[in-house]
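What follows is a set of notes on a single structure, which appears directly below.
Chain letters run A, B, ... following the sequence lines, proteins first and then strands; every chain starts at 1.
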2 protein chains.
Amino acid sequence: MDERKRKILEAIILDYISTAEPVGSRTISKKYDLNISPATIRNEMSDLEEMGYIEQPYTSAGRMPSDSGYRYYVDYIMKKNKLDDAVERLVVSSFRGKINKFDDAIAVSMELIARITRYPSLVLAPGAEKLSLSMIRMLKVEDTKALLILITENRQVENVFIDIPSGFLESDLELITNVINSKLSGKKISDWNKTLIAEVYHELLKQKEILTAVLEAIEDRMHKNKEHRIHLTGLIQMLNEPEFHDVKKVRSILAFFDDKKILENILVKSLQDDDYEVYIGKENEQDEIKDCSIIKRKYNFRGDLEGILGIIGPKRMDYSGTISLLDLISDMLEQKK
Amino acid sequence: MDERKRKILEAIILDYISTAEPVGSRTISKKYDLNISPATIRNEMSDLEEMGYIEQPYTSAGRMPSDSGYRYYVDYIMKKNKLDDAVERLVVSSFRGKINKFDDAIAVSMELIARITRYPSLVLAPGAEKLSLSMIRMLKVEDTKALLILITENRQVENVFIDIPSGFLESDLELITNVINSKLSGKKISDWNKTLIAEVYHELLKQKEILTAVLEAIEDRMHKNKEHRIHLTGLIQMLNEPEFHDVKKVRSILAFFDDKKILENILVKSLQDDDYEVYIGKENEQDEIKDCSIIKRKYNFRGDLEGILGIIGPKRMDYSGTISLLDLISDMLEQKK
DNA sequence: ATTAGCACTCATTGCTAAAGAGTGCTAACA
DNA sequence: TGTTAGCACTCTTTAGCAATGAGTGCTAAT
């Protein structure tokens, strides 16, 4: 694989990315000034095809990149080029001042990714079991109803109504919350153990029933949260891509996106050492997206909460630009601000 | 319009609903035993066409119902037939025991409608502006952050973080909430007026800034709530219908469904006297759904909160069955339980 | 090693003919 | 007078076929 072959492969990929049409030797010779004739390019292409990096839909059509062609491109040819200034400014300004809590950050990120890349964007938020409970409070709302308020470390808030005995006082509630706050807050829910729980019960012998209800509500909420960790937008714009001009494909892909569980599994298989990972075509496990590519990018919200950004698009996607964008957004999320 | 014409129109509509193909005279004569020959049916069809109830896509094709054909069918021919027993049991059992709060009811209804009709289902929950604020509370979370908790009449809870000056005490917060609770709670947000607000400000001269923040947050949340009143599921299964075998249409309809504002407007135009309303094809205002039909059905959750169920499907939909289903679900929602 | 030239391949486009579904009209019938 | 059989006519759909054109692969010349 010499330099010229690399250049030609790059040209084929770039052209195919922008046109979605098989690329011919003449096109490359004219559009990309490599100063070689179509005939020479044809010879090189023949080699590239033998190596498995490009393929023809049928004899005597142009060439298009194969999965391994894209893979080679991503691994060895593509360089991370700087993001367009306008895009960078848009991203930076979108984050400025608008981020009060984690959910805001997620919302802004998703919106940006979907708008700029025009591909569906996924965001995996850190699971609740990794979150600590920051504090709880309880408010008496009616005679037999109290509102339990959970605030997590990353300032997510959850509300649950709890039944309380008639005549229960606001001060009784306070007693309960005080104990729970002192014993359990600041700890990850996965670290709660029997001893800890027993201590809480011990201190609140009289309120056993309501305490059980409260603890159950907390666990329930924290786990429910776990299920809702995946966010998704930008599905429709994907339909503009020529690869989705067939309704069958559209249906299959939309059905695929409807299954949040699968999406979560895809993202959750977490990155090892690298910041990002690219899965091209058949490298994906799921049949429905065997001709899509996925880019995953780690982020650490304010240096603390770890999650994953993801994009699913056609194989023919702008890998370099997309990765740069994810890098930038990941940076923005990291900033302590 | 004599009885026979009615029968023929009905046959045409039923056949077209199930096949999506223009219906010929021979088909009707054979499949529906009206005991008349194709030739006679042709004569009648000719009349029906003149009256505007059916139309031909081109000369010498079969007939298909026109919008006014469907309209005539819905108004004068169709009878509400009893729901399939299995369906009825499914609905009733789906509601049993699972409904703790309004949101549960909505979720179950949507899921049922989408699953049974296979059309996209919409639910409009009662709007916040019709809701009264039941109470607010504020909790100090950090030195400069407080959590504002809004509880509405129907026990929806909203949380907003508010910036507070450093050193602000829990008791200061209490003062504010007390005033707001006494002046504003129990009133619909649409009834807030200048005098009322002025009174609140008067009592809390010293806390002007934070009060403004709190009031703004309340209004913002109540209005945001208004925007989120619409629920939607079952989009994908719609793609199975032959009328959506064209990607352009799919895109336009999906984009349409993405705009919750428009959907809300459609549903919010509320029903006058009747329990339900049917909009057929061009009767809809929005171009994108000029060849869809909408069925809207009023409901009163536990006799109290009024909202609307809606279904959007192809004009070629099972009007009678769908209406029966919506009736049943509306009944289930109404039950005090 | 590169390139010009040329025959060859195969999808796409346009055209025409045949098939088929269904109508509308006319004339016969009860 | 209403109903029906028969038949010509219309218009879409389908298949087949030739022309077009983009692009290749090979060969021979540079």
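With hydrogens and angles ignored, the 3.5 Å screen pairs no side-chain donor or acceptor of B/Ser29 with any backbone N or O of B/Ser25. Under a 3.5 Å cut-off, the side chain of A/Ser66 and the backbone N or O of A/Tyr53 do form a donor-acceptor pair. Judged by distance alone, the side chain of A/Lys296 and the main-chain N or O of A/Ile266 form a donor-acceptor pair under 3.5 Å. The backbone N or O of A/Phe256 sits nowhere less than 3.5 Å from a side-chain atom of A/Asp259 that would complete a donor-acceptor pair.
Taking atom CD1 of A/Ile41 as the reference point, atom C1' of D/dA22 lies 16 Å away to the nearest angstrom. A straight line from CE of B/Met64 to P of C/dA21 spans 19 Å, rounded to a whole angstrom. Taking atom CZ of A/Arg4 as the reference point, atom C1' of C/dT2 lies 8 Å away to the nearest angstrom. Taking atom OH on B/Tyr58 and atom C1' on D/dT13, their separation rounds to 8 Å, with Å as the unit. Between A/Leu34 atom CG and C/dT3 atom C1' the separation is 16 Å, expressed in whole Å. Nucleotide C/dG22 holds its P atom 11 Å from the NZ atom of B/Lys31, rounded to whole Å.
Salt-bridge check for B/Glu88 with B/Lys82: passed, with a basic side-chain N closer than 4.0 Å to an acidic carboxylate O. A salt bridge links B/Glu49 and B/Arg63; the closest N-O separation between the charged side-chain nitrogens and carboxylate oxygens is under 4.0 Å.
Sorted by first and then second residue, the side-chain hydrogen bond (donor to acceptor under 3.5 Å, both in side chains) pairs involving residues 109-124 of chain B (not counting sequence neighbours) are B/Glu111-B/Arg115, B/Ser121-B/Thr233.
Bending across the helix from C/dA1-D/dT30 to C/dA30-D/dT1, expressed as the angle between its end axes from five pairs apiece, amounts to 20° (10° rounding).
Contact annotation: B/Ser37 reaches the phosphate of D/dT4 (side-chain N/O to OP1 or OP2, under 4.0 Å).
Rounding to the nearest 0.5 Å gives a distance of 12.5 Å between NZ of A/Lys5 and CD1 of A/Ile41.
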Pairwise N/O distances under 3.5 Å, protein to nucleotides 23-30 of chain D:
from, atom 1, to, atom 2, distance (Å)
D/dT24, OP1, A/Ser25, N, 3.2
D/dT24, OP2, A/Ser25, N, 3.2
D/dT24, OP2, A/Ser25, OG, 2.7
D/dG25, OP1, A/Arg63, NH2, 3.2
D/dG25, OP2, A/Arg63, NH2, 3.4
D/dG25, N7, A/Arg42, NE, 3.0
D/dG25, O6, A/Arg42, NH2, 3.1

